[in-house]
There are 2 protein chains.
Amino acid sequence: MSYLDKIDACNAWEPAAFVPFIRRGERLGSLRYSAAEELRRWPRQFRVTETAVEWIETPDDFEGCTLALAEVARGLVDEGVIPYLHGEQYPVTAGGRESARCLVDRACAPFFGMRAFGQHLNGFVRTARGIEMWVGRRSADRKLYPGRLDNLVAGGLPHGIALVENLRKECAEEAGMPPTLADRAVAVGAVTYCRDSDRGLKPDVMFCYDLELPEDFEPRCTDGEVETFYRLPVKEVAEIVRETDDFKLNCNLVIIDFLIRHGLIPQDDPQYVAIVQGLRSPLPSSDQRPTPTN
Amino acid sequence: MSYLDKIDACNAWEPAAFVPFIRRGERLGSLRYSAAEELRRWPRQFRVTETAVEWIETPDDFEGCTLALAEVARGLVDEGVIPYLHGEQYPVTAGGRESARCLVDRACAPFFGMRAFGQHLNGFVRTARGIEMWVGRRSADRKLYPGRLDNLVAGGLPHGIALVENLRKECAEEAGMPPTLADRAVAVGAVTYCRDSDRGLKPDVMFCYDLELPEDFEPRCTDGEVETFYRLPVKEVAEIVRETDDFKLNCNLVIIDFLIRHGLIPQDDPQYVAIVQGLRSPLPSSDQRPTPTN
């Protein structure tokens, strides 16, 4: 296996198997054909064709759209199309989270193929032996990816909370960090990917952070999400990423990005450019930039 | 002006205005229609159609292809299509520089729209006032971009020289660095862009480096490429990038990448994701990955 395999696994989707979800000319999501069919239950709201689902009778304002989608979400749960609601509100946007048109329950985002945003933090220690990285193992009782390895801190970004604040919260909950330590995290970029998951399309943006931790730091999980922590030589982490499926799928990409930025993947690797580009995969969007298909 | 404007300026090209340059099914370049017409002078070698230029009578081996292209290059100079040859040999490749099929004179790469590889180094100093960056001003007598600002060290990558060796050479020539200092540079990724230039298409890969320099380091140019050096607060450099056209076009992108990786562009900037993705623009390639145009 290779780093690129992990990147490709996070970008496995067939554009032809999805139709755009459009509101007033903006592409807010991408629906699988079968998901589009489910929306025929609300014919006044959605025009379902072979090439798109259009939200035709759409409220003008943020609140109205949010309420309308919440009703649809409840309907989809009632019909057993979506197993449960999450309770956390995600932005519905054609761009960044600051240009949200309304909100949707987190559990519905993949059904609609809506963009989701998260934060992932690489916690590491510089030692005389080289960089060592803290990673967590997810608890066995997690709904998603139980028992898999994870970044030291990682979480979804609900609407209406600032990045720095949410990161503090996640750092406290998942690793027992005081805010003074969490605030030392350096924003280092974002990884984007788009994956056809069993719950629908996931066009995701992961905001990435590096946090150099003191030698004596010991993470402590306070919210039950993580079962154990390991502090491993970065080469060992790299090998786990490359050779196994132990990590939660998207966490691999955050670590590969770390390896690239710290000079730990040689630039003469024949896949180097593909790796670097693959960490910033294009997401479905309203205004496609020209793509070099000619 | 914005960071994204600078990225867009480096990615301004219309795929429909170019035809692929194909050898045995591999896309080795992209020719403007007028450039494709010029190749009709060699009808046995190249099949020029409206959709492609195929190198039909192509030698089997590396040397043979290199010689054949060299002859074409001389012909193009004789006809005044290309003003001069550079003398440096660049790889001709559908992928990375390690999978070169043959070589071509550097001055011909844009004519054929062939990938070019370079190395760009951000030289910086950490001070109590924050990060300061060393930048150079190109000499007035340069053929390309005279008088423009430049990264501390930047140069093209000829074929057959290892990255670390070429970087040492460039660090010595352009900034008077001893190899011990140059070797401290950290490989931090690569920026890719594709631009329609007056000389043809430039699908370029810039390997990027960060080098933290000692407080007392003073760059010294030994090859005449740089006229003066400035050490500026990084915020001032960021402003020059954003608000002016002082930097050589592609150097802007290397600095924007530095700003992203050092947390100096806020992640809640509405253009953040577009910036991050724009620094890794797709290049024309033989095997297009699926693009989300549906």
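Chain identifiers are assigned alphabetically (A, B, ...) following the order of the sequence lines, protein sequences preceding nucleic acid strands; residue numbering begins at 1 within each chain.
One N or O on the side chain of A/Asp269 and one on the backbone of A/Gln271 form a donor-acceptor pair closer than 3.5 Å. A donor-acceptor distance shorter than 3.5 angstrom exists from the side chain of A/Lys6 to the backbone of A/Val241, with no hydrogens or angles considered. Judged purely by atom type and a 3.5 angstrom limit, A/Asn11 uses its side chain to pair as donor or acceptor with the backbone of A/Ile7.
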- Decide side-chain contact (heavy atoms from CB on, under 4.5 Å) for B/Leu157 and B/Tyr90; before the verdict, give the C-alpha distance in whole Å, the side-chain angles of both, and the deciding distance to 0.1 Å. CA-CA 7 Å; B/Leu157 259 168; B/Tyr90 267 25; 5.8 Å; no

- Message: Determine whether B/Phe258 and B/Val234 satisfy the following criterion, side-chain contact (heavy atoms from CB on, under 4.5 Å), listing intermediate values before the conclusion.
- Response: CA-CA 10 Å; B/Phe258 180 92; B/Val234 70; 4.0 Å; yes

- Item | Working for side-chain contact (heavy atoms from CB on, under 4.5 Å), residues B/Arg32 and B/Phe18 | CA-CA 4 Å; B/Arg32 201 174 279 162; B/Phe18 293 84; 4.0 Å; yes

- Let me see the working for B/Phe207 and B/Val254 under side-chain contact (heavy atoms from CB on, under 4.5 Å), right down to the final yes or no. CA-CA 9 Å; B/Phe207 293 106; B/Val254 175; over 6 Å; no

- Given B/Lys202 and B/Asp196, is the salt bridge (charged side-chain N to carboxylate O under 4.0 Å, His left out) satisfied, shown in steps? CA-CA 6 Å; B/Lys202 288 177 64 56; B/Asp196 186 348; over 6 Å; no

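Note: A/Gln267 leads A/Gln267, A/Arg261, A/Gln277, A/Arg97 in heavy-atom pairs under 4.5 Å with chain B. Between chain A and the options B/Leu264, B/Val276, B/Ile265, heavy-atom pairs under 4.5 Å are most frequent for B/Val276.
For a heavy-atom cut-off of 4.5 Å, chain B lies close to A/Val186, A/Ala187, A/Val188, A/Gly189, A/Ala190, A/Thr192 in residues 180-192 of chain A. Interface residues of residues 113-131 of chain A toward chain B, defined by a heavy-atom distance below 4.5 Å: none.
Note that CZ of B/Phe62 is 4.0 Å distant from NE2 of B/His159, once rounded to the nearest 0.5 Å. Between the CG atom in B/Leu279 and the OH atom in B/Tyr3 there is a gap of 11.5 Å [rounded to 0.5 Å].
Applying side chain to side chain contact (heavy atoms under 4.5 Å, CB included) to B/Leu201 and the options B/Pro110, B/Pro15, B/Pro284 leaves one that passes, B/Pro284.
At a 4.5 Å heavy-atom cutoff, the contact between B/Cys208 and chain A is made by backbone atoms alone. Contacts of B/Leu163 with chain A are made by side-chain atoms alone, with heavy-atom separations under 4.5 Å and no backbone atom involved.
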